[in-house]
Q: 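Sending over a structure as structure tokens; questions will come in a sec.
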Amino acid sequence: MRVLCVAEKPSIAKSITQILSGGQYTTSNSANRYIKNYEFDYPQLNAHFTVTSVVGHLFGYDFGPQYKNWSSCDPFVLFDVPVEHKVAEDKQTVASNLKRLAPSHQELVIWTDCDREGENIGSEVATVCRSGNPRIRIRRARFSAIIAGQIHRAAQNTVELDMRQAASVEARSIIDLRVGATITRMQTLGLQRLVPQLKDQKLMSYGPCQFPTLGFVVSRYEQVKSFVPETFWFIYLSLARDPRNEEDQTEFTWRRGRLFDLDIALVLYEFVLENVMATVTKVTKKNVKKWKPLPLTTVELQKSGSRLLRMAPKKILDVAEKLYQDGFLSYPRTETDIFDPQFDHAALIAKQVVDPAWGGFATGLQQDGYAPPRRGKKDDHAHPPIHPTAHAGNLNGDAKRVYEFVTRRYLACCSKDAEGFETTVDIVSGGEDFYATGRFFSEPDLVGLVVLARNYLDVYPYDKWGDKALPDFEEGQQFMPSVCELRDGQTSQPNLLTEADLVGLMDKNGIGTDATIAQHIQTIIDREYVVARKEGAVTYLVPSNLGIGLVEGYSRIGFERSLSKPQLRRETERMMVQVCNGTKTKAEMIDESVEQYKHVFVLARNNFNRIVEESRRSPH
DNA sequence: GCAAGGTC
């Protein structure tokens, strides 16, 4: 029997081949430059295997040519006209490779990622293969990690393709196209016609992900703008053990924190002054841990990368993609923050011992520094957390910095939590409670044998856990504070959104996926809805007048679930789950969603003057 | 000239 195996991407086809063939296989080129076809015998099934791949989706949806021209029709009709489902122009070579291979095989085994998109890509692969060989038997391999045992088990225990999951993706694709096209055309044409400043603005797109993304930026901007500082008061108390040394001050924090009522603060302060001699009520000493980081997901890479490496999320993902293609990093698009229990950490750590910067640390992990990585809560059942797959010694610039971050993060995951020693001193002065906290990695010799360790912090300089010395205090000890003042301060205004903040918000609200979040941010910048403003080391996102105008305009119309809020997208997500469960059909999902958006569209068009007003308010 | 999803 001849079996045709098709993976979602070339790298997976290669890994599967290496595992199933035991290293004995032949390679040939396909019509597509990225795709190779591998062949070998698989005696366990008494079969000859051909393994190849696609490069993501094969098909795309679009309107027919008669609707291409924006003036050809009222945008509203795009809610209902038929959509074409065709192999995308740039995927013709991918499809022709499958179609050519199908006739010489009796069985097709689909090895796409085990998620909704993977199921959908699998159904596309099946369609193309069937067009080359109508009688080909179609099966699906289920695997959640590229680990030999799992891959063999998947090959020998194939299942059915899940057509419900595939259908849920089709429904979402069609809805996104219809909604995106109608609102984009209406909005762009309307604003160009009615707002003089915008007549040359090329494209003012609407998308179910880009608008909620813009909404987050505008909403933070409004918070910053409407912020009114408040004054608060607190009692500041400190002790100088050596009154001649101004540096040697132990500052105590008032247990009440901040008070926003001056009268009350004054009364309490006067109580304290009447009896200011302080008494130490308690000295607490305890061992404390700072947890090592979780295994790295794409979203985390982008958040911490943009914060620590000061690169745009999109840039980080591009660099990581290149490192993956060069064989230095594992697949960079993953939601998983749990390593498979069978994952071979020893082999990966061994590859890093040669590094001049962290090789010594890796050697330490090989001796007794190793501890199994923490287990997060997310598993996409398709890819492991991001980790280095080979040592890279010759990188430069951004590639070097991203590789270093991923590698240090990985080694930190395989290390131990940092251990410190914390002392808290509680005092009472004039009936009010104060405290001071100090922390050490190594306790001064008093107790002698407690050895505390920085552990993962030695390889992960991105986390800070500073030493803060505290002089010795004893319970019952009394002292006269060197300073005791009623001080005031003001609440500070919130910061504008950073790219890292925005990635986090989108992830939390289900806007976009690990692979697309950075693109959506880039889109709202490209559309000039938002400007990325660099202030020192941090990049803040500031909405433009156009961006603010659009969001304000739509919310003025008073949509129950505004177009720039995440609820509508969440509803789409919920319906996809229902289609996957079988509690809703694809057609029902499309109908319901389109009805809802038709309503929104009509309301928006009838009240378009409000959007125009908001967009006109200031020059762009 | 429209979307978002995959991958390169």
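Note on naming: letters A, B, ... go to the chains in the order of the sequence lines (proteins, then strands), and numbering restarts at 1 for each one.
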Q: Between A/Thr158 (side chain) and A/Ala154 (backbone), is there a donor-acceptor pair under 3.5 Å?
A: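 Here the side-chain-to-backbone pair does not exist.
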Q: Using a 4.0 Å heavy-atom cut-off, does A/Leu177 contact any base of the nucleic acid, only the sugar-phosphate backbone, or nothing at all?
A: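 Answer is base: heavy atoms of A/Leu177 come under 4.0 Å of a base.
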Q: What's A/Phe211 touching, base or sugar-phosphate or nothing? Going by heavy atoms closer than 4.0 Å.
A: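 Answer is nothing: A/Phe211 stays at 4.0 Å or more from every strand.
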Q: Among residues 114-126 of chain A, which contact DNA chain B at a heavy-atom distance under 4.0 Å?
A: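 Those residues are A/Glu117.
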Q: Tell me, please, which residues at least two apart from A/Glu117 pass salt bridge (Lys or Arg N to Asp or Glu O under 4.0 Å).
A: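 A/Glu117 satisfies salt bridge (Lys or Arg N to Asp or Glu O under 4.0 Å) with A/Arg172 once adjacent residues are dropped.
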Q: Heavy atoms within less than 4.0 Å of DNA chain B: which residues of residues 60-72 of chain A have one? Give them sorted by number.
A: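 By residue number: A/Tyr61, A/Asp62, A/Phe63, A/Trp70.
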Q: List for me each residue that meets ring pair (Phe, Tyr, Trp, His ring centres under 6.0 Å) alongside A/Phe328, sequence neighbours excluded, and say none if there are none.
A: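 For A/Phe328 there are no ring pair (Phe, Tyr, Trp, His ring centres under 6.0 Å) partners, ignoring immediate neighbours.
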Q: I'd like to check the ring pair (Phe, Tyr, Trp, His ring centres under 6.0 Å) partners of A/His85; sequence neighbours left out, ordered by chain and number.
A: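 Per chain and number, A/His85 pairs via ring pair (Phe, Tyr, Trp, His ring centres under 6.0 Å) with A/Phe59, A/Tyr61.
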Q: A/Arg185: what forms a salt bridge (Lys or Arg N to Asp or Glu O under 4.0 Å) with it, not counting sequence neighbours?
A: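 Once residues adjacent in sequence are excluded, A/Arg185 has no partner under the salt bridge (Lys or Arg N to Asp or Glu O under 4.0 Å) criterion.
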Q: Taking only distance into account, with no hydrogens and no angle test, what donor-acceptor pairs under 3.5 Å do side-chain atoms of residues 141-148 of chain A form with protein atoms, sequence neighbours excluded?
A:
unit_1: A/Ser144; atom_1: OG; unit_2: A/Gln150; atom_2: OE1; d: 3.3

Q: Just jot down the salt bridge (Lys or Arg N to Asp or Glu O under 4.0 Å) partners of A/Lys68, sequence neighbours excluded, or say none.
A: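 Residues passing salt bridge (Lys or Arg N to Asp or Glu O under 4.0 Å) with A/Lys68: A/Asp62.
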Q: Mind checking if A/Pro10 touches a base, just sugar-phosphate, or nothing, with heavy atoms under 4.0 Å?
A: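 Answer is sugar-phosphate: A/Pro10 comes under 4.0 Å of backbone atoms only.
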Q: In chain order, what residues pass the salt bridge (Lys or Arg N to Asp or Glu O under 4.0 Å) check against A/Glu588, with sequence neighbours excluded?
A: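 Checked A/Glu588 against salt bridge (Lys or Arg N to Asp or Glu O under 4.0 Å); zero matches.
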